[in-house]
> 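Before we start, here is the structure in question, set down as structure tokens.
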Number of protein chains: 2
Amino acid sequence: MHQNLRQNIERKINTALSDTDFALFLSFLEPVTFPKKTIVLEAEHFCSNIYYIEKGLLISLLTDEKGEKHVVQFAFEDHWISDLYSFFSQKPAIITIETLEDTMALAITKENFELAMQKLPQFERFFRILIQNAYIHSQQRIAKTFTDDAEQRYKDLICTNPNFLQRVPQYLIASFLGIKPQSLSRIRQNMHKK
Amino acid sequence: MHQNLRQNIERKINTALSDTDFALFLSFLEPVTFPKKTIVLEAEHFCSNIYYIEKGLLISLLTDEKGEKHVVQFAFEDHWISDLYSFFSQKPAIITIETLEDTMALAITKENFELAMQKLPQFERFFRILIQNAYIHSQQRIAKTFTDDAEQRYKDLICTNPNFLQRVPQYLIASFLGIKPQSLSRIRQNMHKK
DNA sequence: GAAATTCATTCACATAGGTTAAGAAAGAAA
DNA sequence: TTTCTTTCTTAACCTATGTGAATGAATTTC
């Protein structure tokens, strides 16, 4: 039970957890379920949870100054999702999170997060690494956007996540790639011709 | 002395520091100077410092899979710069850091960082917020790249940092904006015509 | 099951930015 | 100074992506 979560954590902190420590950490997590197309976090509201996804699929969206929404992250099984900025700063969220499928997750609240930090020093490290990885990933996405064209980025995305084609509507993939749905349609058409 | 640094930290953690705590923290920082055009950190090497810039100007560059370099950050007075990934993970750096001007900085090593964390719990918070801000900033940069054209991004950049025009060569500004130097030149030409 | 949405495709045309190449300007070095 | 090197500008042409509009398919709603 919860072996995936345990491995997910141990991989990040690069250390095995004792059974008691892991059990203690689990006690701070609460199972939650959301039906498909649920808004889990609305921008401007307060983000009081970090979610570990056991089953299902969610997206996070950032709304820019012009009011346009951009897909920031796809989070499926064994991923973490939240508005870490709002969660840690206790300020209104800048991100919206929605389910694309029925979802089962484990939620840690800010209060439990603080408790866990006190009792389990390893978890401070774990969450710092979580932010750090998100940051590195974000930087590399910028570099990739500057270097590769949309066709290459699309190929890479579906190569690493072939199931997205079944699970994610194309206009959201287009948004994640930074292009319009029509352009993605044209790219797919060109790919098939070659 | 070091009032800017103190304010920089207090602003982030949103708490005043006692004189003794700040003095203790300062004792973990070592002053360093670099002449213009010095490579402070080379990609593939180990990043053992985080720098607080007292005077001067540096850039960090990310090299992508095609070997192209992209300016990730301009760091001038009162900014922090490092390869946080390499610093925390103790793996080879993915970022290069160079001075554009003669620079005076305060450096904290990984060893001193660990000591400071033990003696000064506030600083764990400070560095987590440092990463967190870098992450949020990076995400917003992606959204901006997808929404605004290069001319708008250039205007915004020089509007918030008018001194860049004097201090930073245009080809580095172009790299930061994700365009070629010739394109920036054309954009500037069009701006003057209007 | 019909009506209403939402989503994907296609096309013609517009535009931002890339590419190549040449020369001017500005700095650094001698 | 003169030379050498780096940076910036300009221009002609090319390509990727955006825009708007039409159409059909798929999904949702009633």
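Every chain is numbered from 1, with letters handed out A, B, ... down the list of sequences.
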> All N/O contacts under 3.5 Å from nucleotides 3-8 of chain C to the protein, with atom names and distances to one decimal?
| unit_1 | atom_1 | unit_2 | atom_2 | d |
| --- | --- | --- | --- | --- |
| C/dC7 | OP1 | A/Tyr171 | OH | 2.7 |
| C/dA8 | OP1 | A/Gln170 | N | 2.8 |
| C/dA8 | OP2 | A/Tyr171 | N | 3.2 |

> Determine whether a donor-acceptor pair (N or O, by modelled atom type, separation under 3.5 Å) exists between the side chain of A/Ser27 and the backbone of A/Leu24.
yes

> Heavy-atom count around A/Glu30 CD within 6.0 Å, excluding the residue itself: above 12?
no

> So, OP1 or OP2 of D/dT10: does either fall under 4.0 Å of a side-chain N or O from B/Gln189?
yes

> Based on the rotation axes of five pairs at each end, what angle does the helix from C/dG1-D/dC30 to C/dA30-D/dT1 bend through, to 10°?
60°

> Are A/Phe88 and A/Phe127, when compared by the centres of their aromatic rings, separated by less than 6.0 Å?
no

> I need the CG-P distance between A/Leu184 and C/dT10, as an integer number of Å.
12 Å

> Using whole Å, report how far OH of B/Tyr154 lies from C1' of D/dC8.
12 Å

> Any salt bridge between A/Arg6 and A/Asp19, counting N to O under 4.0 Å?
yes

> Using the six-membered ring wherever Trp is involved, compare the ring planes of B/Phe146 and A/His70 and label them parallel, tilted or perpendicular (cut-offs 30° and 60°).
tilted

> Does A/Glu44, at its CD atom, have more than 12 non-hydrogen atoms belonging to other residues, nucleotides or ligands within less than 6.0 Å?
no

> Rounded to the nearest 0.5 Å, what's the gap from NZ on B/Lys36 to OG1 on B/Thr103? Could you check?
10.5 Å

> Would you please indicate yes or no on a ring centroid separation below 6.0 angstrom for A/Phe164 and A/Phe176?
no

> What is the ring orientation for A/Tyr52 with A/Trp80, classed by angle as parallel under 30°, tilted 30 to 60°, or perpendicular over 60°?
tilted

> When rounded to the nearest 0.5 angstrom, what is the spacing between OG in A/Ser185 and CG in A/Asn190?
10.5 Å

> At under 4.0 Å between heavy atoms, how does the protein contact nucleotides 12-20 of chain C? Give one character per nucleotide, 5' to 3', with B, S or -.
-----BBSB

> Got a second to check how far B/Phe87's CZ is from B/Ile108's CD1, nearest 0.5 Å?
6.5 Å

> In whole angstrom, what separates A/Asn190's CG from C/dT9's P?
13 Å

> Quick one: B/Arg167 CZ to C/dG27 P, roughly how many Å, whole number?
17 Å

